[in-house]
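One structure below.
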Amino acid sequence: MLKHKLAELLAQAATRAQQSGKLPAVTLPEVIMEHPQNPEHGDYASSLPLKLARAIGSNPLSIASDIVASIAPTSEVERVVVAPPGFINFTLSAGWLAGQVSSILEAGASYGNIEIGQGRRVQIEFVSVNPTGPLHVGHGRGAILGSTLANALTAAGYRVEKEYYINDAGSQMDAFYRSLYARYRQCRNKEAEMPEDGYFGQYMIDLAREIVDQQGDEFLNLPEKEALEKLGQVGLDRMVGEIRADLERLGVTFDVWFSERSLYKNGQYDEVISLLKQRGHISEKEGATWFVSTALGEDKDNVVIRSDGSPTYFATDIAYHYDKFLKRKFDTVINIWGADHMGHVSRMKAVIGALGIDPEQFKVIISQMVTLRRGGEIVRVSKRSGDIVTLRELVDEVGTDVCRFFFLCRSADSQMDFDLELAKKQSADNPVYYVQYAHARIASILRLAQEKGIDYRDGDVSLLTAEPELALIRKMLLLPELVETIATTLEPHHLTYYAQDLATVFHSFYKQCRVVSADEALTWARLKLVEAAKTVLSRALHLMGMTAPERM
RNA sequence: GCGCCUAUAGCUCAGCGGACAGAGCAUCGGUCUUCGGAACCGAGGGUCGUGGGUUCGAAUCCCUCUAGGCGCGCCA
């Protein structure tokens, strides 16, 4: 990547200046290249001289000149200048920029891919909602975050596995099974009372009815325990199926659907508990079994096995992560949790440490709450009462692309309002359409060229010298850096801003530069540029899991 | 009480150690005989929540305070 090459160039120059005695031999800080906001300052800039000034004890401007004097010339860079108070600014050569159009076309759909992942295995677990009810709007955010991040990490050269953890054990599932059984019996006019901690949503009644329709009284005459088990399994399978279908409509898919119950069946749960016991992290008190996290700097200890002998959610999550790291041996594990899991983070980090895993390998992204609104009115959601707006309803009404872009355009750290009215509006000021329109517009130009039978394969990109053309190329060249940023910071929201910027420079170019004109050579060159722009815009859209329409 | 997140233009949000703080929407004013006007160009609008500190340099790092959110269960 050019950014790294320039940083390397600078570091070498500084070292050379030191060897020749022009600069004192202080240790060099990491060289950071940035993009100046003011175009007059060039394409890349570094404040290395300012950072060195203190250690060296001399004027940053003269340090800058000494370094610049030692920079090896390179074809990408047209000029390097020193600017007060001590910046070194690089301006790329127009010829090199124009040449990049060919490189982009050559890379095609793989443009933007980088190698920093080096094939390391990353697992990203997200959504993982209890299958006790349909997904609601809030779950969509984690789903989009996760699937987009997975796309970006794949582009960055990681081997990514997306996983959904099915909480098919535990007390909430018990409540679900008992609720379903009650609704099922009621549906057949049998006496049954909903459990107090049950799920009262309409969807439970619908679910029971569907099961009656398809399997009749099959579970009615079984002993309660057996009925709960068998009916429960049917209900669970159906719920998971619906969740999977809802996610697929959002363009979200998983490589692995991991069952919590399997952790008991396959022994990971027993293994990890005895491992923790061995290492002295477990103690018994008040009739329960505890993970002694206070010894690891936590505020309090946490129960892993209740006094009735049943494991807590925390216990199974320990076993689950033991499996991720020590059984399946992922290099990095990323979990996307909702803000309501905040309290789970630090104790899980403590567990990771106790298992002897490098905490750097374990990343948690907390996605903040989504407040749903209809116009100005806040919609309260509660799964228990069944007062929810489902994710499916949202996707049906606003479409996958709008949905994805909407969820993606805010950083995970900040809470967001999702205004249903606004999202449903297919108005022109919707940024989704703005970006996609740029793509459709490009497609239309290429279509026109094809209809006219223009063959631009031999177009000479060095004819691209106008400022709007170069501005477009400059923006296109940012995609690999963006992929790197996202893979490093795990912040996919930058994609939405990039896509809008790219669309803007394209529209601006389009306004100023006629593509298909009487000038044949220039037409060919510009068609190449336009095709490259389509490649990059389409890649950006695909990374976000959106479509790149040929017409709209 | 403790922990985490948030506070930036009228609104919704980027920026998170560098050169005059950005975008979209909204407002106002321009562009339209040509490849898709779902477009382009321009203007106004901000003491970056408060008060300190670190630094050559702070919206960005540290501390105080204020406001909002989430968490602190033998729930998940």
Side-chain angles (χ1 to χ4, degrees), chain A residues 32 34 36-38 40-41 45-47 50-51 53-54 59-60 83-87 89 128-130 132 167 169-173 175 197 260 286-290 298-300 302-317 337-347 366-369 371 409-417 419 422 426-438 440-449 451-452 489 491 493-494 496-497 500-501 503-504 506-518 523 526-527 530 551-552:
Chain A
I32 294 166
E34 54 183 11
Q37 19 185 330
N38 185 340
E40 284 169 23
H41 295 142
S46 176
S47 58
L50 287 163
K51 296 208 162 73
R54 188 170 350 142
N59 181 348
F87 291 99
N89 296 336
S128 300
V129 175
N130 280 359
T132 54
N167 296 107
S171 57
Q172 292 192 3
M173 280 317 288
D197 59 348
E260 177 183 353
E286 299 160 25
T289 304
W290 300 69
E298 290 291 294
D299 288 346
K300 56 186 186 56
N302 294 96
V303 173
V304 283
I305 303 172
R306 301 184 185 92
S307 39
D308 69 1
S310 65
T312 61
Y313 166 79
F314 182 43
T316 51
D317 221 21
W337 294 338
D340 56 341
H341 279 61
M342 202 69 233
H344 194 49
V345 179
S346 70
R347 67 186 186 201
I366 293 295
S367 97
Q368 290 297 325
M369 299 198 47
T371 308
C409 67
R410 243 133 256 182
S411 78
D413 287 336
S414 32
Q415 294 166 225
M416 68 177 286
D417 283 352
D419 189 336
L422 199 73
Q426 298 213 346
S427 62
D429 44 79
N430 193 327
V432 179
Y433 296 113
Y434 179 78
V435 173
Q436 291 185 323
Y437 176 69
R441 206 176 205 188
I442 294 171
S444 156
I445 297 169
L446 296 175
R447 231 178 284 130
L448 177 80
E451 282 161 17
K452 292 194 167 197
T489 62
E491 292 176 347
H493 67 274
H494 299 292
T496 60
Y497 294 90
Q500 288 181 86
D501 284 352
T504 297
F506 171 76
H507 284 309
S508 178
F509 153 80
Y510 176 87
K511 199 71 181 179
Q512 296 173 76
C513 302
R514 171 89 200 173
V515 178
V516 179
S517 69
T523 298
R526 284 184 173 165
L527 282 170
V530 161
R551 301 167 199 271
M552 47 192 293

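Proteins get letters first, then strands, A, B, ... in listed order; numbering begins at 1 in each.
- Rounded to a whole Å, the CZ atom of A/Phe506 is 11 Å from the P atom of B/C40.
- The phosphate of B/C20 (OP1 or OP2) has no side-chain N or O of A/Gln37 nearer than 4.0 angstrom.
- The nucleotide whose nearest atom lies closest to any side-chain atom of A/Met342 is, among B/C74, B/G18, B/G71, B/G71.
- Contact annotation: A/Arg514 does not reach the phosphate of B/U34 (side-chain N/O to OP1 or OP2, under 4.0 Å).
- One P atom belongs to B/C5, the other to B/C41, and the distance between them is 38 Å to the nearest Å.
- Going from atom NZ of A/Lys511 over to atom P of B/G42 covers 13 Å, rounded to whole Å.
- Atom NE2 of A/His493 is separated from atom P of B/U12 by 18 Å (rounded to the nearest Å).
- Here B/C16 presents its P atom at 12 Å from OH of A/Tyr497, a figure rounded to the nearest Å.
- OP1 and OP2 of B/G57 both lie 4.0 Å or more from every side-chain N or O belonging to A/Ser47.
- A gap of 16 Å separates the P atoms of B/C62 and B/U55, to the nearest Å.
- If you take atom C1' in B/C20 and the same atom in B/U12, they sit 25 Å apart, rounded to whole Å.
- Counting distance only, with no hydrogens placed and no angle test, the side-chain atoms of A/Ser171 and the base atoms of B/C75 include no donor-acceptor pair under 3.5 Å.
- Residue A/Ser414 places at least one side-chain N or O under 4.0 Å from the OP1 or OP2 atom of B/A14.
- Regarding contacts with the backbone of B/C74, every side-chain N or O of A/Ser310 stays at 4.0 angstrom or more from both OP1 and OP2.
- Stacking between A/His341 and B/G71 is absent: the aromatic ring centre is not both under 5.5 angstrom from the base six-membered ring centre and within 30 degrees in plane angle.
- The A/Ala339 side chain lies nearest to B/C70 when the options are B/C74, B/A14, B/C70.
- Atom pair A/His41:NE2 and B/A21:P shows a separation of 13 Å (rounding to whole Å applied).
- Stacking between A/Phe87 and the base of B/A19 is present: ring centres sit under 5.5 Å apart and the planes differ by under 30 degrees.
- Contact between the side-chain N/O atoms of A/Arg306 and the OP1/OP2 oxygens of B/A76 is found at a separation under 4.0 Å.
- Not a single donor-acceptor pair under 3.5 Å links the side chain of A/Ser310 to the backbone N or O of A/Arg306.
- Atom CZ of A/Arg54 and atom P of B/G18 are 15 Å apart (whole Å).
- Of the listed nucleotides (B/A76, B/C35, B/C5), B/A76 has the atom at the smallest distance from the side chain of A/Thr312.
- Regarding contacts with the backbone of B/C25, every side-chain N or O of A/Tyr433 stays at 4.0 angstrom or more from both OP1 and OP2.
- Regarding A/Asp501, its CG atom lies at a distance of 15 Å from the P atom of B/A39, rounded to whole Å.
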